Amino acid sequence: MTQYSMTPITSGTRMRADHSTFSSVIASYTRGQLIVGDEIWEAPADGTEVKKGDKWLKVTSVDGVNV
């Protein structure tokens, strides 16, 4: 299975229940943490608080700890 990773460049990156800024916040991450996931969703068009091409990662682990 393909895995993707990201590292926040500023503190305050949020994990949400769904790929929507209207979803509830589950956790927040700080600059430099290693976030790994197995699925990427890309916004197909501009919408409320989202721009075409914005990407969301379905997170499976943070700093080596499964979530």
Side-chain angles (χ1 to χ4, degrees):
M1 178 180 288
T2 302
Q3 287 197 324
Y4 306 93
S5 64
M6 63 168 276
T7 302
I9 58 173
T10 60
S11 295
T13 295
R14 297 178 182 138
M15 178 191 288
R16 295 185 181 270
D18 192 13
H19 54 268
S20 166
T21 57
F22 298 108
S23 290
S24 59
V25 175
I26 297 171
S28 291
Y29 300 107
T30 59
R31 179 177 187 252
Q33 287 187 283
L34 178 61
I35 301 171
V36 177
D38 59 5
E39 185 179 335
I40 292 179
W41 178 84
E42 186 171 339
D46 289 354
T48 306
E49 297 194 26
V50 66
K51 294 289 184 191
K52 180 179 180 177
D54 284 355
K55 293 180 182 177
W56 296 67
L57 177 65
K58 184 175 181 184
V59 177
T60 56
S61 70
V62 178
D63 290 334
V65 178
N66 291 341
V67 293

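What you see below is based on every heavy atom in this structure, not just the backbone, and it leaves out hydrogens, waters and symmetry mates. Computed from a prediction, not measured in an experiment: that's the story for all the values here.
- For N66, the side-chain hydrogen bond (donor to acceptor under 3.5 Å, both in side chains) test picks out no residue, with sequence neighbours left out.
- Chaining together hydrophobic side chains whose heavy atoms lie under 4.5 Å apart leaves F22 on its own.
- V36 shares a hydrophobic cluster with L34; the chain of contacts runs through ILVMFWY side chains whose heavy atoms sit under 4.5 Å apart.
- Under the side chain to side chain contact (heavy atoms under 4.5 Å, CB included) criterion, D38 pairs with M1, K58, T60, not counting sequence neighbours.
- Minimum heavy-atom separation, A17 to S23: N-CB, 4.0 Å.
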Show the atom names and distances, to 0.1 Å, of all donor-acceptor pairs under 3.5 Å that link a side chain in residues 5-15 to residues at least two apart or in another chain.
{"from": "S11", "atom 1": "OG", "to": "R31", "atom 2": "N", "distance (Å)": "3.2"}

Less than 3.5 Å apart, which donor and acceptor atoms pair up between the side chains of residues 44-57 and the rest of the protein, not counting sequence neighbours?
{"from": "D46", "atom 1": "OD1", "to": "K52", "atom 2": "N", "distance (Å)": "2.7"}
{"from": "E49", "atom 1": "OE1", "to": "T21", "atom 2": "OG1", "distance (Å)": "3.1"}
{"from": "D54", "atom 1": "OD2", "to": "K51", "atom 2": "N", "distance (Å)": "2.9"}

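- Following chains of ILVMFWY side-chain contacts shorter than 4.5 Å, one cannot reach W41 starting from Y4, and the two form parts of different hydrophobic clusters.
- Summarising the geometry, atom CD1 belonging to I40 is positioned 9.5 Å from atom OG1 belonging to T2; distances are rounded to the nearest 0.5 Å.
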